[in-house]
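Computed from heavy atoms alone, side chains included, the values below leave out hydrogens, waters and symmetry copies. Here is how names work: the chains are called A, B, and so on, in the same order as the sequence lines, proteins then strands, and each is numbered from 1.
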Amino acid sequence: MDTEVSKAVSQYVGSLNLDNREFAFFGLDGDNCITRIGGSVDQLGFSNVKLGQTAESQLSFLEGLLSGDNKPIVIPNAQYLENRFVDLHLFFDANQPWLLFVDNTEVGVGLQKAQQVRLDQDILEESPQSELGSPADDEQHKYWIATEKLFTAFSGSDQDIDEKINNILNIGLEYFQSSCAFLTSDMGENFTVTNIVGNGVQLLEPGEVINADIKNKIRASAASEVHTVNGPFGCVCFLNENKLAYSLSATDEKFLIAVSGWIGNLLGTKEQLEFIEAQSANYKNLFESVPAMLFLCDAEGLVISVSQQFALQVGLAQDEVPGKICLQFFDSDNHGAIRNAISTGEALHVAAKLNCNHSKALEVELNVSEKKFGAMSGIRMVIATDVSARNQAYREATEQNRLLASANESLDQFAFVASHDLQEPLRKIQQFSSFLEEDLEPNLDVDGRYHLEVIVKASEKMSALIKDLLSFSRAKKAQPDFHLVDLNNLLTEVMTELDLAISESGAEVKFNALPVVQANGSLLSQLFNNLIGNAIKYRKPDCQPVINVTCNAVESGTQICVSDNGIGFDMQYANKIFEPFSRLHNSIQYEGTGIGLAICHAACEKHGWSLTAKGEVGVGSTFIVELNDA
Amino acid sequence: MLGAFSVGKTSLVSQYVHSIFSEKYTTTIGVKINKKQLEIDEQTLSMILWDVYGEDNHQSVMPSYLRGLAGYILVADPTRPSTIETTLSLNKMVGETIGDMPFVLALNKVDIKELWDENALAQIHDLSELSVGTFETSAKTDKGVDDLFECLAQSLLTSHSSS
Ligand SMILES: Nc1nc2c(ncn2[C@@H]2O[C@H](COP(=O)(O)OP(=O)(O)OP(=O)(O)O)[C@@H](O)[C@H]2O)c(=O)[nH]1
Ligand SMILES: [Mg+2]
């Protein structure tokens, strides 16, 4: 290596504060022919580069770079070799171009990791540069040799960071002709030695806290603070027991700064790698231990991180999911909703279908929330919950209901058809038995007349049954029109219809201030006709029937109650009484077919109302129509 | 190769140069330099491809990475509308730094075209007019990849022989 070359480059290197990194350089002439070569040529991939030929012809990746103006340029982290990050500097000295390649692999790899988790991109800032004057030639030479040693001593990647620090200390030891060099952590009162080399001072052991005696000696040493990117770390000291004090030239100071900068860089890298590794480990742990399908993505749905469960579900390796747009994992029908949820950053219960590799799509519900992780904000955390079982149960229930409804419908249909078709033969029986009665009348004996009477009575009863059944079916089948109906008017009409029964029984029917409702008038008069008719029918003997129709506002809406002081019923039959043909009381005492309340129930159902009954044997009954106001 | 992060710049180069595609996302730090020789009009051409790190919120592309470029490929990932905006701003940056240069436009990840945001694509219309070609590409299926690079190479050859 000739000193001329060293000088041009070392000045540039000095101004760059290149710390500990390996480098190679080329000097070029006006035609871009290589005239000078130096530095760690082999390590940086230039073993075949020859003097006297143009740079571009030998190093094709320089294509285009050297033409153009004489502006210096730095291209950080150029990767022209596999797995190596190299800072490429082009600078000019007296209009002659120089190319300087500085290895930056360690930082590049760290950056790569940092970027990959995209946690804290700002940690890797370059430390501020120091401005120092140009040193004298011989000093510069010594400085250069030492600096070069620093550069080359660490080209191997086998050593760990502590070994590298010890090597730096040794190089400094030689430079300063010290007996002992050490690094301390902490700059306060309690210096603790972390690394020490050399001899002559047996007082210090790594891990030891420095006592006052040694502190005095440190004052006389060549010492400099060491900072890492995370802040102050400690100091590096070069001690010579035979010297009272060092007097440091500008070059010495520069070297000292280089050494401390280099150590700081190593320590920073170490801290940083530990930090990043700890962070990634935390992440991984978190995601792996969560037995849920979740992922982090940006506002556009670009996946940053993913739980193992999710990756498993979509049939990819966990490290294959990041970088993908999350929509691709979901059914295209859901894309709009998911895009929306993710861009808003806040959404609950978004239904979606997750495309699975191994089975049919999984029904999930997505919950999206916005999070901040380290320096990253606006990150969406998306949790996918498997709701296929729930949905399946829901679907089954709905299907059951549908089947039930259709079974009911066909039952109603059957009742209608049956009762309708029964009417015809029954009418024949009634007709022909009356013919028989007329024809045989003169000749009938007592027995014969009785038998005929039974036939007529039974067929009359059956006719009534069929009539009721038909009107029940009609009530169930009706597609009623709704109008505004004033219940007060309606009840007045109903009472006219029931005039006979009311006057016969001496019943008192009371009502006032009933509302106007949206309803079907004819269903409604059937309803109240039956309810009031029942109340009269099931009266207590020897007691004036009193029937109250009232209206009450309750929480769920409005209730119309029809209450009486009749015979009442046992609450255990409260539901049974609405079934067609169910009769709680014997038919001799209380005639009827048992279809009235079933019709009431159907009429209420048609309005979306509910009908319930309360009763107490011997006290009375109350029928409650609950209007659904909504 | 210029574009936002994770649009598939590295994947396109790797598909074109090595016929490899990886599902795994390894973000690019700095610039990856690759070389590809191709035959166009019976001429052999060496393309030195600079696969520059993608722009994100934390870092924009440094102008020094544009030094000496003869042409460029702008890559967008239409599944993410913001990457389209990035191509527009990058193109502006190139124009301001080194002047007009031929470029082609890659709308990448066409294999998942159903996820593209059609509205966002409208924004790119003017840029597409300026380009020497616009291609829908997939680094995954190799669709349009050769065409993309060859179109740029062709236009470089043309501009080279005419100057
Ligand atoms: N489906 C699909 N995925 C792709 C395609 N191209 C790239 N990817 C995926 O997208 C992610 C990012 O790809 P890269 O090539 O690393 O993107 P980049 O633009 O180089 O990213 P930076 O270097 O960070 O700027 C990876 O997970 C790739 O597998 C494509 O054409 N189709
Ligand atoms: Mg890349």
For this session: Carefully, step by step, assess B/E114 and A/S332 under the rule side chain to side chain donor-acceptor pair (under 3.5 Å).
Result: CA-CA 8 Å; B/E114 68 277 9; A/S332 56; over 6 Å; no
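Rounded to the nearest 0.5 Å, atoms CD1 (B/I112) and CZ (A/F329) are 8.5 Å apart. Between A/L90 atom CG and B/S64 atom OG the span is 11.0 Å, to the nearest 0.5 Å. The CH2 atom of B/W116 sits 12.5 Å away from atom CD1 of A/I325, with the distance rounded to the nearest 0.5 Å.
In terms of heavy-atom pairs under 4.5 Å with chain B, the best-connected choice from A/K324, A/R339, A/Q79, A/H335 is A/Q79. With chain A as partner, the option from B/T83, B/D117, B/I48 having the largest number of non-hydrogen pairs under 4.5 angstrom is B/I48. When each of A/L327, A/L302, A/L81 is checked for heavy-atom pairs under 4.5 Å with chain B, A/L302 comes out on top. Interface summary for chain B: among A/A78, A/P76, A/G64, the most heavy-atom pairs under 4.5 angstrom belong to A/P76.
Shown here is B/E39, whose CD atom has more than 12 heavy atoms of other residues, nucleotides or ligands within 6.0 Å. The environment of A/K353 atom NZ is sparse: at most 12 non-hydrogen atoms of other residues, nucleotides or ligands sit within 6.0 angstrom. Counted within 6.0 Å of NE2 on B/H18, heavy atoms from surrounding residues, nucleotides or ligands total more than 12; the atom is thus considered enclosed.
The nearest pair of heavy atoms linking B/R67 to A/K71 is NH2-O, 3.1 Å. Residues B/S6 and A/G323 approach most closely at OG-O, 3.6 Å, considering heavy atoms.
With a 4.5 angstrom heavy-atom cutoff, A/F85 touches chain B only via side-chain atoms. Heavy atoms closer than 4.5 Å to chain A are found in both the backbone and the side chain of B/I33. Using a 4.5 Å cut-off between heavy atoms, B/P81 contacts chain A through both its backbone and its side chain. Contacts between B/D51 and chain A at a heavy-atom distance below 4.5 Å are absent for every atom of the residue. Using a 4.5 Å cut-off between heavy atoms, B/K32 contacts chain A through both its backbone and its side chain.
Side-chain atoms of B/W50 and A/I75, non-hydrogen and from C-beta on, do get closer than 4.5 Å to each other.
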